[in-house]
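As structure tokens, the structure follows; a few thoughts come after it.
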Amino acid sequence: MAIQTIQTQPFPDQKPGTSGLRKKVAVFQQPHYLENFVQSIFDSLDGFAGKTLVVGGDGRYGNLQATMVILRMAAANGFGRVLVGRDGLLSTPAASCVIRKHDAFGGIILSASHNPGGPDGDFGIKYNTGNGGPAPEKITDAIFERSKTIREYRIVDAEEIALDREHEFTLDGMTVNVIDPVADYAELMAELFDFRAIAHLFQSGFRMRFDAMHAITGPYATEILQNRLGAPRGTVINGVPLADFGGGHPDPNLTYAKELVDEMFGDKALDFGAASDGDGDRNMILGRRFFVTPSDSLALLTANATLAPGYADGLAGVARSMPTSAAVDRVAEALGIDCFETPTGWKFFGNLMDAGRVTLCGEESFGTGSSHVREKDGLWAVLFWLNILARRQQPVETLIRTHWARYGRNYYSRHDYEGVDTAGAEQLMAGLREGLETLPGRQLGLLTVAYADDFSYTDPVDGSVSTGQGIRIGFSEGSRIVFRLSGTGTEGATLRIYLERFEADPARHDQDTQQALADLIAIADDVAGIRRLTGREFPTVIT
Ligand code: G1P
Ligand code: ZN
């Protein structure tokens with residue numbers, strides 16, 4: 001086998017976003033596009049000769065082919081070994097788990113998360129470092145800089161690379177281990193949670209549905225829930241990963257997980273419902289005719305964490321992304337532990353975890369996780385809930401209502417305007433930014449503005465500063481509106497508006513969320529000119 005050096009031209013658009021490089025499949029299909037980015041990753045790293053790389057992805061269109069290209073390039077660039085999931089599959093949290101468990105130098109994950117797949121859908125690639133977490137901005141910036149000047153990449157010739165079974169082979173001197181994508185992850189879950197109590201729960205007739213949305217968590221959920229914990233067959237639906245996710249949008253929320261939501265809000269609703277996204281890092285939790293917001297889920301897991309064996313000694317601290325509701329803040333206060341507020345995106349949690357300052361963390365965008373890996377983890381959250389349900393022996397709704405009665409309720413919703421005109425969206429954000437100084441003290445609707453700023457974060461561990469992370473408008477009675485533009489979309493711009501109102505009085509915990517937030521919704525449109533600047537009457541997705 002010979003190492004080939006291929007001449008290439010830089011692409012101007014290989015800037016990693018909130019979670020790696022995400023583009024339409026057609027963009028990735030341009031000759032050398034994938035190879036340029038992979039070589040730019042390798043060129044931005046030091047000291048990996050002879051070391052181990054983990055490779056795997058969410059199974060979307062192009063996954064297997066891209067995996068083979070990466071193996072050939074890893075061999076040509078001097079890695080000693082690659083651990084790759086069978087068929088090129090690894091969920092994002094499982095990839096993080098494998099990197100950590102096998103002391104790998106890093107990993108490449110092929111995923112565009114919850115974005116649709118198939119030939120007309122999205123593709124994505126990201127680099128994770130040896131701690132198992134997404135590369136910090138320092139590295140992603142270096143990758144982008146390199147991608148702008150790259151002139152050649154290295155790749156070995158290879159006839160056929162068989163990834164359809166677990167085995168070992170060499171590729172130009174580099175060892176390739178094709179591994180079971182589920183085994184290491186399942187073992188870790190069994191260490192963290194009380195599998196006996198959960199198995200007993202299923203034996204006693206408790207019934208749940210897990211919607212894998214035709215994406216990567218199918219094999220993981222089937223093995224863990226049905227094979228190991230004894231949940232009946234059929235517990236996992238849409239459990240076979242498909243290259244186009246069955247034509248669906250594999251995002252576990254009330255809009256896209258429709259099959260599950262219809263069942264859980266229907267006459268024959270089960271005790272518990274859950275779903276995960278394209279690459280397995282997100283989760284949605286449902287009780288019988290009851291939706292648990294991700295922000296409340298994080299708060300409840302924090303309050304009940306010691307019921308799970310892996311967290312029995314208590315939590316070092318917790319963290320949430322800035323737009324996530326402050327529900328967890330009050331639990332942290334009651335527990336006497338630190339609560340950190342970080343910018344959107346998982347990469348900001350890693351430093352806090354590596355420094356031992358937080359154990360649990362989460363985002364309003366259906367992401368929850370802990371220091372067991374360095375990614376958010378969908379199935380982990382589901383198992384955590386099952387562990388708590390098995391120990392508390394109460395329905396989901398009762399658990400949440402009891403929680404609200406003690407800590408108060410944060411009415412919370414996110415309104416997304418997807419695929420809007422980029423110029424209009426940027427004008428809207430610029431307009432808000434310009435008006436920030438004039439807002440404090442002003443009366444908007446019936447509310448008075450207490451503060452207005454553009455969120456910036458100084459990492460308490462390494463001192464790095466991230467600015468421009470979202471416009472916050474806070475009101476004197478604790479309500480809040482946050483505006484930001486998505487960093488993961490691939491078409492036009494996506495405007496996200498996060499609305500939150502705190503209600504301490506249990507007698508007022510029964511309102512409809514959108515009604516409870518109606519005044520804030522009106523203020524948001526007023527102050528930002530959403531309808532005027534986006535030309536949209538309504539959000540595309542409300543979660
Ligand atoms: C979105 C979510 C964010 C999450 C990211 C990756 O990013 O809002 O919380 O970390 O996906 O799953 P955004 O599109 O808002 O930049
Ligand atoms: Zn995801």
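Start at 1 and go down the list; that is how both ligands and their atoms are numbered. Remember, it's a predicted structure, so these values are computed and weren't measured experimentally.
Rounded to the nearest 0.5 angstrom, L436 CG and I471 CD1 are separated by 4.5 Å. Atom CG in L286 sits 10.5 Å away from atom CD in E263 (nearest 0.5 Å).
Some N or O of K376 is nearer than 3.5 Å to an N or O of ligand 1, by distance alone. Checked by distance only, ligand 1 and R496 come closer than 3.5 Å through their nitrogen or oxygen atoms. Annotation: T344 places no N or O atom under 3.5 Å from an N or O atom of ligand 1; distance criterion only. The shortest N or O to N or O distance between R282 and ligand 1 is under 3.5 Å.
Using a 4.0 Å cut-off between charged nitrogen and carboxylate oxygen, K15 and D13 do not count as a salt-bridge pair. Between D296 and R409 no salt bridge is recorded (no basic side-chain N to carboxylate O distance below 4.0 Å).
The name of the N, O or S atom in D281 nearest to the Zn ion (ligand 2) is OD1. Shortest distance from the Zn ion (ligand 2) to D277 is reached at OD2 (N/O/S atoms only).
Cation-pi contact between K258 and Y256: absent, since separation from the ring centre below 6.0 Å together with deviation from the ring axis within 45° is not met.
Under the side chain to side chain contact (heavy atoms under 4.5 Å, CB included) test applied with R320, the options D329, V358, T342, L360 reduce to a single match, D329.
With 2.8 Å as the limit, S113 counts as an N, O or S neighbour of the Zn ion (ligand 2). For a distance bound of 2.8 Å, the N, O or S atoms of D279 include one lying that close to the Zn ion (ligand 2).
By heavy-atom distance, the residue among K347, E363, H114, R22 lying nearest atom 4 (C) of ligand 1 is E363.
Sparse packing is recorded around CD of E333, with 12 or fewer heavy atoms of other residues, nucleotides or ligands lying under 6.0 Å away. Within 6.0 Å of CD in Q514 there are more than 12 heavy atoms belonging to other residues, nucleotides or ligands.
Remark: minimum distance from atom 9 (O) of ligand 1 to any protein heavy atom is reached at S365 OG, 2.5 Å. The closest protein non-hydrogen atom to atom 7 (O) of ligand 1 is T488 CG2, 3.5 Å. At the top of the distance list for atom 16 (O) of ligand 1, counting protein heavy atoms only, stands G487 N, 2.6 Å. Closest protein heavy atom to atom 8 (O) of ligand 1: R414 NH1, 3.5 Å.
In summary, the side chains of Y498 and R484 do present a donor paired with an acceptor at a separation below 3.5 Å, with no hydrogens or angles considered.
In this structure, G345 has a heavy atom closer than 4.0 Å to ligand 1.
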